[in-house]
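Take a look at the structure below.
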Amino acid sequence: MCRLVTDYLDKTVNEYPDKTAFIDFKRVITFQELKDEASAIASAIIDRNVFRKPILLFMDKRVSTVSSFIGIAYSGNFYTPVDIKMPDDRIGKILNILDPAIVITDKEHEEQARTIFAGRDIMVFEDEVSRPVLNDRITDVRSRLTDADTLYVFFTSGSTGIPKGVIISHRAAVDYTDWISDCYGFDEKTVFANQAQLYFDASIQDIYAPLRNGSTTLLIPNRLFASPVRAWKEIIRHKANTLFWVPSVLCLFANFDVLSHVEKAPLKTVLFCGEVMPVKQLNYWIENYPDVIYANLYGPTECTDACTYYTIDRKFKDNEALPIGKPCANTEVYVITEEGALADRPGVTGELYISGKCLSDGYYNDPEKTAKAFLPNPFSSNEAELMYKTGDLVFYNEAGELIYVCRKDYQVKIHGYRVELGEIEAAALSVKGVDYCCCLFDQDNEKTILVYTGEIGEDELNDILKTKLQDYMIPSAYKHRETMLFNNSEKIDRIALRNEYL
Ligand code: AMP
């Protein structure tokens, strides 16, 4: 029985040593090579006497990044990948929370890393990957670990402007990988075309299903999705047959009618997760690939990846909502109304709470935010059991399937990226010359509008925000006002501002 993700690799490497595990633009790695590289990285870390500590990864989406993830896991530590384009200001906030014991980078990003992480222990992948492997010490580390040990911490947007580090254990990652592999029949013939960045939960099966099942993952650089035809050529070239993509990217292919202009791919399974999948665009995919299995998966980073699922088993009209279905194995969901009652009748809307093995162990170094989001589960016979408060409103339809309605708060999805409008507002308020601000979201066009008062000009504010926020968080438009609008409670009047600007 595999308890740690490294146990998966230890098993698979015996079955498929020479089979391709991961492919990027520069190289291909077999399971044996992956194990060797990961073991060398683990040895370098173990040699530094670092155990059960966070390790930050400053690398692009590459095979070597995957080797580093696994190497960190073999060493008994846990990883946090950050975007190499993340502004220093945001990296600084993550460093404050995480305080990593080591930063791993590669030759390409070494110079940049030495500036950003000055004073920290920096390991360069290429310098360590061919060092002798300390097999005995790796075995010793394995004997001390349990599946409750942390595998990774992923940072998501935080409404107060401070990112939140979601802690995920081996247990949660293994449970999810087992479920999705069994549910969708992933095996050694499965070839994933990875779309998500490796610091997002949507990439988890692309990394761990190959380790478990001997599948292959093609790591597609994210810039290629800017021209979908190029991304598709890679899918054809490597005979990828399985997609787990965010709806925004699937929609891109539909909106530009890409599929009828490109060669047919040997697709078997198309899964989507992370935001609402519009039926019109899904129907476009179904028209082009009628024999493929499609499924709508739902889940927040705090529940590892997907925690409910609906495999498309009937036709939907363009204006119908796709169900998010039912809970995955080992997962329980509760729909709780504003009055605190369980909404188990069809049509009654409530907030979705989740419990089960998939649950995160909370936010790293932030007990206060953890206590607000992870609550005692009053429906469990186990008093220690927690449930996660998702902030998503849902209801059951007549068929007992969950239907997603909307968020309760100011968390939005911009082209698949999770963003708290509060984080954009906090960044803007930290800029000299901004007095008040309010970030509005135009759902139809997936655009953010920052309404603000103060003496700073729009262009200058935009330039400063580029140094504080990730590119997808930069407001799409600015509206300067002489005075802010307030409501009767003296709060910024979002409703009036929405009426004026949206
Ligand atoms: P993330 O943590 O980035 O995975 O974002 C989680 C949030 O994305 C959820 O709380 C939902 O608001 C939204 N979400 C995820 N999957 C779906 C889905 N299938 N349909 C609608 N919204 C979704």
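Just so it is clear, the structure is predicted and the values come from calculations on it, not from any experiment. Excluded from the calculations below are hydrogen atoms, water molecules and symmetry mates; all remaining heavy atoms, backbone and side chain alike, are included.
When the options Glu385, Met387, Glu332 are evaluated for a side-chain contact (heavy atoms from CB on, under 4.5 Å) with Phe379, the one that passes is Met387.
Side chain of Trp245 to main chain of Ala193: a donor-acceptor pair is present (N/O by atom type, distance under 3.5 Å, no hydrogens or angles). One N or O on the side chain of Lys413 and one on the backbone of Gly274 form a donor-acceptor pair closer than 3.5 Å. A donor-acceptor pair is defined here as one N or O able to donate and one able to accept, closer than 3.5 Å; such a pair exists between the side chain of Asn77 and the backbone of Lys53. Under the 3.5 Å distance criterion, the side-chain polar atoms of Ser203 are left unmatched by any main-chain donor or acceptor of Tyr199. Using modelled atom types, one side-chain atom of Trp232 and one backbone atom of Glu263 make a donor-acceptor pair closer than 3.5 Å. The backbone N or O of Ile167 sits nowhere less than 3.5 Å from a side-chain atom of Thr150 that would complete a donor-acceptor pair.
Heavy-atom neighbours of Lys264 NZ from other residues, nucleotides or ligands within 6.0 Å: above the threshold of 12. Within a 6.0 Å radius of NZ in Lys268, no more than 12 heavy atoms belonging to other residues, nucleotides or ligands are found. Counting heavy-atom neighbours within 6.0 Å of Tyr334 OH, excluding the residue itself, gives a total above 12.
With values rounded to the nearest 0.5 angstrom, Ser68 atom OG is found 10.5 Å from Glu128 atom CD. The distance from the NZ atom of Lys26 to the CZ atom of Arg62 is 4.5 Å, given to the nearest 0.5 Å. Here the straight-line distance linking atom OG1 of Thr217 with atom CD1 of Ile220 works out to 10.0 Å at 0.5 Å rounding.
For the residue pair Asp106/Ser64, the side-chain donor-acceptor check at 3.5 Å is not satisfied. Using modelled atom types and a 3.5 Å distance limit, the side chains of Asp361 and Tyr364 yield no donor-acceptor pair. Between the side chains of Thr311 and Tyr184, at least one donor N or O lies within less than 3.5 Å of an accepting N or O. Using modelled atom types and a 3.5 Å distance limit, the side chains of Gln205 and Tyr176 yield a donor-acceptor pair. In this model, no donor atom of one side chain and acceptor atom of the other lie less than 3.5 Å apart for Gln197 and Asp83. Donor-acceptor pairing under 3.5 Å is recorded for the side chains of Tyr8 and Asp178. Side-chain contact check for Tyr298 and Asp392: at least one donor-acceptor pair (N or O, by modelled atom type) lies under 3.5 Å. A donor-acceptor pair shorter than 3.5 Å cannot be found between the side chains of Asn382 and Ser380. A donor-acceptor contact under 3.5 angstrom links the side chains of Tyr74 and Asp10, judged on distance only.
Ion pairing between Glu234 and Arg237 holds under the 4.0 Å rule for side-chain N and carboxylate O. A salt bridge is defined here as a Lys NZ or Arg NE, NH1 or NH2 lying under 4.0 Å from an Asp or Glu carboxylate O, and Arg48 with Asp121 meets this definition. Of the charged side-chain nitrogens involved, at least one lies within less than 4.0 Å of a carboxylate oxygen, so that Asp182 and Arg212 count as a salt-bridged pair. With respect to Asp409 and Arg407, a salt bridge is recorded, a charged nitrogen being found less than 4.0 Å from a carboxylate O. A salt bridge between Glu351 and Lys408 is present, with a side-chain N of the basic residue lying under 4.0 Å from a carboxylate O of the acidic one. Looking at Lys466 and Asp89, no side-chain N of the basic residue comes within less than 4.0 Å of a carboxylate O on the acidic one, giving no salt bridge. Asp140 and Arg144 are joined by a salt bridge, as a carboxylate oxygen and a charged side-chain nitrogen come within less than 4.0 angstrom of each other. Of the charged side-chain nitrogens involved, at least one lies within less than 4.0 Å of a carboxylate oxygen, so that Arg27 and Glu37 count as a salt-bridged pair. Here Asp149 pairs with Arg52 in a salt bridge; the nearest charged N to carboxylate O distance falls below 4.0 Å.
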Donor-acceptor pairs under 3.5 angstrom involving side-chain atoms of residues 152-165: please list them, not counting sequence neighbours.
from, atom 1, to, atom 2, distance (Å)
Ser157, OG, Glu420, N, 2.9
Ser157, OG, Glu423, OE1, 2.7

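Considering every non-hydrogen atom in both Cys307 and Thr331, the closest pair reads O-CG2, 3.7 Å.
The aromatic rings of Phe225 and Phe253 sit perpendicular, their planes meeting at an angle over 60°, well past the 30° parallel limit. Using bins of under 30°, 30° to 60° and over 60° for the plane-to-plane angle, the ring pair Phe374/Tyr388 lands in the tilted bin.
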task = I would like to know whether Val262 and Ile236 meet side chain to side chain contact (heavy atoms under 4.5 Å, CB included); could you show each step before the answer?
result = CA-CA 9 Å; Val262 289; Ile236 299 286; over 6 Å; no

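Ring centers of Tyr294 and Tyr289: at least 6.0 Å apart, outside the cut-off.
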